[in-house]
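What follows is a short report on a single structure.
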Amino acid sequence: MFNAMIETLKANPRKIVFTEGPDARILEATDRLKKGGFLTPILVGNVDEVKTAAAAGNYDIEGIEILDPATYPEMDAMVEKMVELRKGKMSAEDCRKALSKGNYFGTMLVKLGYADALLGGATYSTADTVRPALQLVKTKKGAHLVSSCFILVRGEEKLAMGDCAINIDYQDTVDKEGNVVVSAAQKLAEVAVETARTAKVFGIDPKVAVLSFSTKGSGKGGTVQLSHDATIEAQKLAPELAIDGELQFDAAVSPVVAATKCKGSPVAGQANTFIFPCIEAGNIGYKIAQRLGGYEAYGPILQGLNAPINDLSRGCNADEVYKMAIITAALA
């Protein structure tokens, strides 16, 4: 999987910005990327601090661009652009203060086209990575939310799971008069379609199961209706995709169970892309696969943004940074 992505990056050069330049894990991954020569890192941070940290870890970052918000020569223009993007929500002083931090500064580098992708979160929280992305890069046309996907790999087998990290649950968006503008089902349907599209990037031919504790009306209550309605909405959004629901997990993956519970389904018994109705189910589900099923988990991969911006776990290691950098840049 990674070899294919590396070949893509060799043919399509990309720059990725790391928002936490002095972090040892970032520096180790940068050293490795430099040796690979297929992706260009940009480090955000104080130049002396970054170089001192690299020397302490014996990491080779010679020739790697380091940008310090405190000395960035185009900061005035960057502030002006951010004021424009925030449309009266932040003053020039507020924007300058925000851009002094690596997460906002790095995101603006992507917005301005200086970098193609961003990877953060080694020390920042998920919210501190996602917030600047929403405010500056913003969601794709037609998207109503940002979601996430994990790619799980075990040998030659690959699965996609969403959303396991961003959306706690799904609620209707209503206007001032109380009319539903975007339904909860439409939001979950977006997650299903975006996760299927991400799956394709990783060489998965998506067969999408919208999961529940019910299969085709066998159960009532909870999120059953949400999963049922989201399936219908997802099929409308992307009729070319194989999407079915609501399905219990056993019906989604076992041909024997599928033959009993939902015979004739284009997905049941062979699903490889799983959509969870809430973050509790998704987060628990992918971690069970990872810890008990022996899958390697890559993510969270953010979906719905205008540019590839991804979030690391604060407990990540350098190898995870390296692999997530490749994944993120390959999405550009």
Side-chain angles (χ1 to χ4, degrees), residues 126-127 129-151 160-201 206-214 216-217 219-249 252 267 271 273-286 299-311 331:
T126 296
T129 299
V130 174
R131 189 184 305 110
L134 285 172
Q135 292 175 347
L136 305 176
V137 171
K138 303 184 179 180
T139 53
K140 294 190 293 190
K141 185 178 180 180
H144 298 97
L145 77 170
V146 173
S147 63
S148 74
C149 164
F150 278 84
I151 300 297
M161 295 186 175
D163 175 356
C164 309
I166 300 293
N167 295 288
I168 302 296
D169 57 15
Y170 302 91
Q171 304 291 333
D172 294 342
T173 298
V174 298
D175 61 21
K176 292 178 181 178
E177 287 73 41
N179 302 307
V180 176
V181 178
V182 184
S183 71
Q186 287 172 314
K187 292 177 182 179
L188 185 57
E190 272 189 37
V191 174
V193 172
E194 286 295 324
T195 301
R197 288 172 179 163
T198 301
K200 286 183 178 181
V201 174
K207 291 178 172 49
V208 185
V210 183
L211 298 174
S212 178
F213 62 85
S214 164
K216 302 293 186 179
K220 303 294 181 186
T223 57
V224 171
Q225 194 64 44
L226 170 65
S227 294
H228 172 273
D229 293 349
T231 301
I232 295 170
E233 294 296 333
Q235 289 166 344
K236 291 178 189 174
L237 270 178
E240 74 282 3
L241 292 174
I243 302 174
D244 202 6
E246 82 283 7
L247 297 174
Q248 290 166 284
F249 192 81
V267 170
T273 302
F274 304 96
I275 308 304
F276 297 92
C278 62
I279 199 170
E280 286 97 338
N283 195 269
I284 292 167
Y286 100 80
I301 298 161
L302 300 187
Q303 305 173 144
L305 291 166
N306 271 315
I309 291 176
N310 278 327
D311 178 48
L331 294 168

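What you see is a predicted model, and the numbers here were worked out from it, not measured in a lab. Excluded from the calculations below are hydrogen atoms, water molecules and symmetry mates; all remaining heavy atoms, backbone and side chain alike, are included.
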Which pair of heavy atoms, one from Val208 and one from Val267, lies closest together, and at what distance?
-> O-CG1, 3.5 Å
Ignoring hydrogens and angles, state whether a donor on the side chain of Glu190 or His144 is under 3.5 Å from an acceptor on the partner side chain.
-> yes
Which of Thr231, Leu226, Ile232 passes side-chain contact (heavy atoms from CB on, under 4.5 Å) with His228? It is Ile232
Examine the side chains of Glu194 and Ser147 and answer whether a donor and an acceptor come within less than 3.5 Å of each other.
-> no
Which pair of non-hydrogen atoms, one from Val137 and one from Ala307, has the smallest distance, and what is that distance?
-> CG1-N, 3.6 Å
Under 3.5 Å, is there a donor-acceptor pair between the side chain of Asp175 and the main chain of Glu177?
-> yes
For Tyr170, enumerate each residue passing the ring pair (Phe, Tyr, Trp, His ring centres under 6.0 Å) test, keeping only those at least two apart in sequence or located in another chain.
-> none
Shortest non-hydrogen pair, Thr129 vs Asp311, comes out as OG1-OD1, 3.4 Å
Can you name the closest pair of heavy atoms from Ser148 and Cys164 and give their distance?
-> OG-N, 3.5 Å
When the ring planes of Phe150 and Tyr286 are compared, do they come out parallel, tilted or perpendicular, using 30° and 60° as the limits?
-> parallel
Of the non-hydrogen atoms in Pro132 and Ala127, which two are nearest, and what is the gap between them?
-> CD-O, 4.2 Å
Are the side chain of Lys187 and the backbone of Gln171 linked by a donor-acceptor contact shorter than 3.5 Å?
-> yes
For the side chain of Gln186 and the backbone of Glu233, is there at least one donor-acceptor N/O pair under 3.5 Å apart?
-> no
Backbone of Val210 reached by a side-chain donor or acceptor of Glu246 within 3.5 Å = no
Lys216 bridged to Asp244 by N-O distance under 4.0 Å = yes
Nearest heavy-atom approach of Val224 to Gly219 is CG1-O, 3.5 Å
Using modelled atom types only, decide if a donor and an acceptor are shared between the side chain of Thr173 and the backbone of Val181 within a distance under 3.5 Å.
-> no
